[in-house]
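Report on the structure given below.
Owing to the predicted nature of the structure, the values given are computational and were not obtained by experimental measurement. Remember, it's 1-based here, ligands and their atoms both numbered in the order they're listed.
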Amino acid sequence: MKIVKTITALRSTLKNVQNIAFVPTMGNLHEGHLALVKRAKKNADFVVVSIFVNPLQFLPSEDFNQYPRSLEADCKLLRDLDVDLVFTPEEKDLFPVRQEIMLQLPAVANTLEGKFRPGFFQGVATIVLKFLNIIQPDMAVFGKKDYQQLHIIRLMVQQLNFPIKILDTEIIRAVDGLALSSRNQYLNGAERQEACHLYRVLNTIVSEITSGQHGFLLSEKKAVEYLSERGWGVDYVSIVNQQTLLPASTDDQKLAVLAAARIGTTRLIDNVEFTI
Ligand code: PAF
């Protein structure tokens with residue numbers, strides 16, 4: 001496995017390489033990331049994983065400095081999976097000048113996560129666009145855990161005519177249902193025990209809706225109340241159309257319920273897809 005730190009070295013290494021899958025990450029890898037890598041390995045001849053904590057996608061109040069960095073352990077995991085190349089660029093190589101050109105995104109980027117993290121998707125889309133230009137992969141792999149991110153990347157690739165296939169992977173969960181995330185390590189013992197209630201409440205919504213017990217709005221409201229009573233700070237619990245991420249309507253069949261909430265100081269997101 002090659003570890004490459006500069007854009008110049010990366011471009012020369014990839015010059016004659018065909019059928020590349022790209023897996024963008026911010027490091028601190030867990031089984032969720034490894035699922036992305038496995039999907040990439042299955043579908044391509046050469047797998048590039050980037051590890052870069054992207055400053056463009058953090059608000060000044062967020063955890064950019066605190067975000068866990070574990071390059072050595074990450075490289076070991078990737079070597080075990082037989083990854084071909086790890087790209088760990090430095091900030092000054094990716095941003096030799098201030099990144100003034102940023103992608104303008106559609107309205108869906110201002111809903112859900114975008115409403116609570118203004119500029120987040122613009123930062124994500126811009127860095128992914130830069131990586132796609134630098135690496136020029138045939139495909140790129142994203143997880144469904146970041147459901148809205150996956151949606152926006154698909155729109156970007158489609159609307160900017162990138163000749164790249166976007167592959168997705170299912171959410172990987174701990175035994176108690178908590179979706180794996182690098183931010184789970186911020187949780188203390190009690191918070192970690194409580195954290196699985198986010199997934200539980202999403203499943204409750206799915207059964208309420210699929211059984212016809214409650215309408216969308218009541219079910220969302222009950223979920224917010226349930227979490228709030230347990231001490232969570234809820235940003236949103238929203239039932240949406242899978243294809244558009246717009247609020248679900250009664251004609252829709254393929255739905256997803258997305259949620260973001262804080263337990264202690266840690267903000268978690270999760271989602272479940274379902275059909276009615
Ligand atoms: O999902 C992530 O870890 C990040 O948003 C990504 C896609 C690596 C861009 O920095």
Nearest-neighbour protein heavy atom for atom 1 (O) of ligand 1, which is reported as residue plus atom name and distance: Q149 NE2, 2.9 Å

Does the cation-pi check pass for R69 over F64, that is, NZ or CZ under 6.0 Å from the six-membered ring centre and within 45° of its axis? yes

Can you report which non-hydrogen protein atom sits closest to atom 10 (O) of ligand 1, along with the distance? Q57 OE1, 2.6 Å

Atoms of ligand 1 under 4.0 Å from any heavy atom of I127, numbered from 1 in the order shown, are 9 (C), 10 (O)

Counterpart residues, side-chain hydrogen bond (donor to acceptor under 3.5 Å, both in side chains), relative to R79 (two or more places apart): none

Considering only non-hydrogen protein atoms, determine which one is nearest to atom 3 (O) of ligand 1 and report residue, atom name and distance to 0.1 Å. M26 CG, 3.7 Å

Hits for side-chain contact (heavy atoms from CB on, under 4.5 Å) against A261, two or more places apart or cross-chain, chain-then-number order -> L198, W232, V234

Whether the E191 and Y186 side chains hold a donor-acceptor pair (N or O, under 3.5 Å, no angle test) is what I'd like checked. no

Show me which atoms of ligand 1 lie under 4.0 Å from any heavy atom of P24. 8 (C)

Give yes or no for whether the N/O distance cutoff of 3.5 Å, strictly under, is met between T25 and ligand 1. no

Give a yes or no on whether the backbone of V47 and the side-chain of D84 come within a donor-acceptor separation of less than 3.5 Å. yes

